[in-house]
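Single-structure report; data block below.
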Amino acid sequence: REDKVDILVELTGHTANNRLGVMAMKAAPVQATWIGYPNSTGLREVDYRITDWTTDPSPEGPLTNQTYVEALERLPGCFLCYTPTHN
């Protein structure tokens with residue numbers, strides 16, 4: 001908090017070398033997770049999870065059995081991109 005970070009976005013989730021310990025300390029007033037792990041962090045200190053309508057369908061459509069502690073912020077299109085290498 002001494003650094004006065006307004007928004008902290010964690011990019012690894014539950015993958016190697018993550019910074020979820022920092023998120024658990026609520027290092028910023030607004031915290032989000034994105035890209036690294038397409039599932040909940042399980043930390044109530046994380047306010048938002050950036051996702052899309054394919055990964056997390058709308059409650060009005062087909063439901064997943066997944067529950068999240070974060071509010072879902074859905075991007076249009078896909079929340080990440082991939083371009084295969086050409087052989």
Requested in this report: State, to 0.1 Å, how close A28 and D6 come at their nearest heavy-atom pair, and which atoms those are.
Outcome: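 Heavy-atom minimum between the residues: CB-O, 4.1 Å.
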
Query raised in the report: Between L8 and V22, is a side-chain contact (heavy atoms from CB on, under 4.5 Å) present by the stated rule, with each step listed?
Result: CA-CA 10 Å; L8 181 62; V22 174; 4.0 Å; yes

Under 3.5 Å, is there a donor-acceptor pair between the side chain of [X] and the main chain of [Y]?
{"X": "R19", "Y": "N17", "result": "yes"}
{"X": "D52", "Y": "L75", "result": "no"}
{"X": "R49", "Y": "E73", "result": "no"}
{"X": "H14", "Y": "Y37", "result": "no"}

Query raised in the report: If two hydrophobic side chains count as joined below 4.5 Å and joins carry through other members, does I35 share a cluster with V30?
Result: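 Yes, because I35 and V30 connect within a single hydrophobic cluster, where side-chain heavy atoms sit under 4.5 Å apart.
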
Query raised in the report: Should T41 and L20 count as side-chain neighbours, where that means a heavy-atom distance under 4.5 Å?
Result: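 Touching, per the 4.5 Å side-chain cut-off.
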
Pair [X], [Y]: side-chain N/O donor-acceptor within cut-off below 3.5 Å:
{"X": "N39", "Y": "Y68", "result": "no"}
{"X": "T15", "Y": "N18", "result": "no"}
{"X": "E70", "Y": "S40", "result": "yes"}

Query raised in the report: To the nearest 0.5 Å, how far apart are CG in L72 and OG1 in T51?
Result: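 The distance works out to 6.0 Å.
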
Query - Identified side chain to side chain contact (heavy atoms under 4.5 Å, CB included) counterpart of L43 within the set E10, K26, Q31, M23 - result: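 Only one option passes, and that is M23.
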
